Amino acid sequence: MAIERTLSILKPDATRRNLTGSINKVFEEAGLSILAQKRIQLTRAEAEAFYAVHKERGFFNDLVGYMISGPVVAQVLSGENAVAKNRELMGATDPKKATEGTIRAMFAESIEANSVHGSDSAENAKNEISFFFAEIDIVG
Ligand code: CMP
């Protein structure tokens, strides 16, 4: 299976509760390596640009407001089948529907404050990684 990269974001509810280490432990124990990581405060314009695909959705303004409510940690994860593996580790968007043992089942507070974001395809991963990181920042 191919070694892939995917973009992960630890959301403001996770940084606020000091869950960075606990969530990173889940990634690393599942065989995903963290090749790049930075803690940042997104601006409104940046959050709107990152989530532009959702701009017609009713929850867009709340989502943007939430994502700028505190620091986030953007990360590049790498490993076999990393895009699908990360989505499996995260669990369903709505923590009430997330399988036991997944990050969202363990840590998420709500469908909005759901602790993590992960790219949903290899193509989106490439775009999302380049949104946050230059190639020189990613150390394999
Ligand atoms: P994420 O994977 O970051 O991608 C879009 C985000 O919108 C999603 O996680 C949720 O946190 C957020 N969101 C808020 N409300 C909803 C909703 N009703 N349906 C889907 N996603 C929602």
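One-based numbering, in listed order, for ligands and for the atoms of each. These numbers come from the heavy atoms of this one structure, side chains and all, not from hydrogens, waters or symmetry mates. Keep in mind that what you see is a predicted model, and the values were worked out from it rather than measured.
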Does some non-hydrogen atom of M90 fall short of 4.0 Å from ligand 1?
-> no
Would you say R104 contacts ligand 1, with heavy atoms under 4.0 Å as the rule?
-> yes
Going by the order shown, which atoms of ligand 1 are within less than 4.0 Å of some heavy atom of [X]?
X    : value
H54  : 4 (O), 5 (C)
E112 : 11 (O)
Y51  : 1 (P), 3 (O), 4 (O), 5 (C)
N114 : 9 (O), 10 (C), 11 (O)

Please check whether [X] reaches ligand 1 - meaning an N/O of the residue sits under 3.5 Å from an N/O of the ligand, judged on distance alone.
X    : result
R57  : no
T93  : no
G118 : no

Of all the heavy-atom pairs spanning [X] and [Y], show the shortest one and how long it is.
X    : Y   : answer
I68  : L42 : CG2-O, 3.4 Å
A47  : M67 : CB-CB, 4.4 Å
S119 : V83 : O-CG1, 3.6 Å

[atom]: the protein heavy-atom neighbour that sits closest, reported with distance to 0.1 Å:
atom                    : value
atom 10 (C) of ligand 1 : I111 O, 3.2 Å
atom 9 (O) of ligand 1  : K11 NZ, 3.1 Å
atom 21 (N) of ligand 1 : F59 CZ, 3.6 Å
atom 2 (O) of ligand 1  : H117 ND1, 3.2 Å

What's the verdict on side chain to side chain donor-acceptor pair (under 3.5 Å) for N86 and T6, showing C-alpha distance, side-chain angles and the deciding distance?
-> CA-CA 8 Å; N86 183 36; T6 191; 4.6 Å; no
Are the side chain of [X] and the backbone of [Y] linked by a donor-acceptor contact shorter than 3.5 Å?
X   : Y   : answer
Q37 : Q75 : no
K85 : A30 : yes
T15 : P71 : yes

Would you call the rings of F50 and H117 parallel, tilted or perpendicular, where under 30° means parallel and over 60° means perpendicular?
-> perpendicular
Can the positive tip of K38 be found less than 6.0 Å from the middle of the six-membered ring of F133, inside 45° of the ring normal?
-> yes
Option set D62, V53, L63, criterion heavy-atom distance to atom 6 (C) of ligand 1, minimum | L63
